[in-house]
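Below is one structure, written out as structure tokens; comments come after it.
Keep in mind it's a predicted model, so treat the numbers as computed, not measured.
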Amino acid sequence: MAAYNRFLQGYYISNIIIILSYQFIRKYFLAQNDFSRSKLGGELELFKMERQSLSLLGIALSLKFFRRQSLDGYFADVFFFCKSVIALLTWYMDYRWSLIYIFGYLGIAMTFPQPFFTGKSKMTEFTPETLTDVVENQTDESITWIIEFFAPWSPQCLILEPVIADISNQYSSDRVHFGKIDVSRWPSVGKRYKIHLTGISDQLPTLIRFERGKETGRIPQISDDGKRVYGGKFRKHDILAAFGMQ
């Protein structure tokens, strides 16, 4: 249960509250019976627009659920789509309410960022020195290391962290070990492994398998010069398949 405590933090609570608040705004708007600033002709037109929006929202969220990488990523998608629909509906009701909602969304984003997973895992945290000593200088051919190169500010790292932690809990053994290193803190390590650290980088996180201190596989794959990245988002079964752990 402790692993799910992050879902009770401010990011999730505040987003749920602002989404549910639409019902109060809707009731207030209809009670005023003032459509002078509205793009709608009346309550019936609002109802039809809500029904169409909810139908499309339901389809989009169903597809997102079946293609989810983690619950963290799915909830982020749910909040984004729901808030987008509300912003659109309130714009048609009265553009002033839409602006209030948008400023509210921005306030929540700045005040309550989505929390990073800090639950149970069997991942060793490395510095550049310990990475070299323990992993890169490893000579025992029976030992495999899978290292996550991550940045805590990367949305994709945030989404995949619980997935990678879960894999480490399930597949750690005397022969297979898991570790992680923050390449935003030590960018020289990221550069050494040709991992770009820009805000839109599709190489975060990067998972690299080491055997006898040498790289023998990675997700996502890159070209020899490091300028091309092959593959985009990946899920648990993709990681297991790529590293032969299925």
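- Ring geometry for F79 against F75 counts as parallel: the plane angle stays under 30°, on a 0 to 90° scale with 60° as the upper cut.
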Margin query: One pair to check against side chain to side chain contact (heavy atoms under 4.5 Å, CB included): Q170 and M245. What are the steps and the verdict?
Written below: CA-CA 10 Å; Q170 291 186 45; M245 292 187 289; over 6 Å; no

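- Contact of the Q156 side chain with the L204 side chain is not registered, since no non-hydrogen atoms from C-beta on lie closer than 4.5 Å.
- Looking only at side-chain heavy atoms (C-beta outward), T118 and R6 stay at 4.5 Å or farther from each other.
- Contact annotation: the side chain of I86 approaches that of Y105 to within less than 4.5 Å [non-hydrogen atoms, C-beta and beyond].
- To the nearest 0.5 Å, atom CD1 of residue I164 and atom CD1 of residue I239 are 5.0 Å apart.
- The minimum heavy-atom distance between M93 and R26, with the atom names listed, is CE-CA, 3.9 Å.
- When every heavy atom of C82 is checked against every heavy atom of L57, the shortest pair comes out as SG-CD2, 4.0 Å.
- For Q32, the CD atom is densely surrounded, since the number of other residues' heavy atoms within 6.0 Å is greater than 12.
- Counting only distance, with no hydrogens or angles, the side chain of S21 and the backbone of I18 share a donor-acceptor pair below 3.5 Å.
- Looking at S84 and L88, their side chains never come closer than 4.5 Å, going by heavy atoms from C-beta outward.
- A salt bridge is absent between K194 and E215; no separation between the charged side-chain nitrogens and carboxylate oxygens falls under 4.0 Å.
- Using a 4.5 Å heavy-atom cutoff, the side chains of F126 and V189 are not in contact.
- Within the 3.5 Å criterion, the main-chain N or O of D34 finds no donor-acceptor partner in the side chain of S38.
- Taking the six-membered ring where tryptophan is involved, the planes of F7 and Y12 are perpendicular, since the angle between them exceeds 60° and thus also 30°.
- Interatomic distance, N169 CG to M123 CE, rounded to the nearest 0.5 Å: 9.5 Å.
- A single hydrophobic cluster is not seen to contain both I13 and Y74; linkage of ILVMFWY side chains at heavy-atom distances under 4.5 Å, directly or through other members, places them apart.
- Between R209 and A242, the shortest heavy-atom contact is NH1-O, 4.1 Å.
- Note on L197 and L207: separate hydrophobic clusters, where clusters join Ile, Leu, Val, Met, Phe, Trp and Tyr whose side-chain heavy atoms are under 4.5 Å apart, directly or indirectly.
- If you take CD1 on I195 and OG on S184, they are separated by 11.5 Å, rounding to the nearest 0.5 Å.
- For the atom pair NZ (K180) and OG (S121), the distance works out to 6.0 Å, reported to the nearest 0.5 Å.
- Other residues, nucleotides and ligands contribute only 12 or fewer heavy atoms inside 6.0 Å of the NZ atom of K191.
- In this structure, OG1 on T111 lies 13.5 Å from OH on Y11, to the nearest 0.5 angstrom.
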Item checked: Candidate pair I219 and D238, rule side chain to side chain contact (heavy atoms under 4.5 Å, CB included), full reasoning -> CA-CA 9 Å; I219 303 175; D238 299 316; 5.6 Å; no

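- With S201 contributing its side chain and T198 its backbone, the two residues share no donor-acceptor pair below 3.5 Å.
- Residues F112 and N15 are not in side-chain contact: their nearest non-hydrogen atoms beyond the backbone lie 4.5 Å or more apart.
- For K122 against S172, the heavy-atom pair with the smallest separation is CB-OG, 3.5 Å.
- Cluster annotation: Y193 and V183 are assigned to the same hydrophobic cluster (Ile/Leu/Val/Met/Phe/Trp/Tyr, side-chain heavy-atom contacts under 4.5 Å, transitive).
- For the residue pair S142/R175, the side-chain donor-acceptor check at 3.5 Å is not satisfied.
- In terms of hydrophobic clustering, with Ile, Leu, Val, Met, Phe, Trp and Tyr side chains grouped at heavy-atom distances under 4.5 Å, L56 and V78 are assigned to different clusters.
- Around atom CG of D140, more than 12 heavy atoms belonging to other residues, nucleotides or ligands sit under 6.0 Å away.
- In this structure, the side chain of S70 engages the main chain of I159 through a donor-acceptor pair within 3.5 Å.
- Aromatic ring centres of F178 and F243 lie farther apart than the 6.0 Å criterion allows.
- Counting only heavy atoms from C-beta outward, the side chains of L131 and W186 never approach each other to under 4.5 Å.
- Using cut-offs of 30° and 60° on the angle between ring planes, the pair F35 and F29 is perpendicular.
- Listed here is the closest heavy atom pair of D72 and P162: OD1-CG, 3.3 Å.
- To the nearest 0.5 angstrom, F117 atom CZ is 8.0 Å from D166 atom CG.
- Both L20 and F81 sit in one connected hydrophobic cluster of ILVMFWY residues. Membership requires side-chain heavy atoms under 4.5 Å apart, directly or through other members.
- Side chains of F210 and I143 form no contact here, defined as non-hydrogen atoms less than 4.5 Å apart.
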For residues 41-49, dump all side-chain donor-acceptor pairs below 3.5 Å to protein atoms at least two apart in sequence or in another chain.
residue, atom, partner, partner atom, Å
E45, OE1, G41, N, 2.6

Note to self: Could you go through F24 and Y28, starting from their C-alpha distance and side-chain angles, then the distance that decides it, and tell me whether this counts as ring pair (Phe, Tyr, Trp, His ring centres under 6.0 Å)?
What the structure shows: CA-CA 6 Å; F24 297 97; Y28 176 81; over 10 Å; no

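- Under the side-chain hydrogen bond (donor to acceptor under 3.5 Å, both in side chains) rule, T130 has a single partner from T132, T127, D133, which is T127.
- Minimum heavy-atom separation, L89 to Y22: CD1-OH, 3.7 Å.
- A distance-only check finds no donor-acceptor pair linking the side chain of Q203 to the backbone of P220 [under 3.5 Å].
- Checked against E136 for a salt bridge (Lys or Arg N to Asp or Glu O under 4.0 Å), the options R192, R212, K214 give a single hit: R192.
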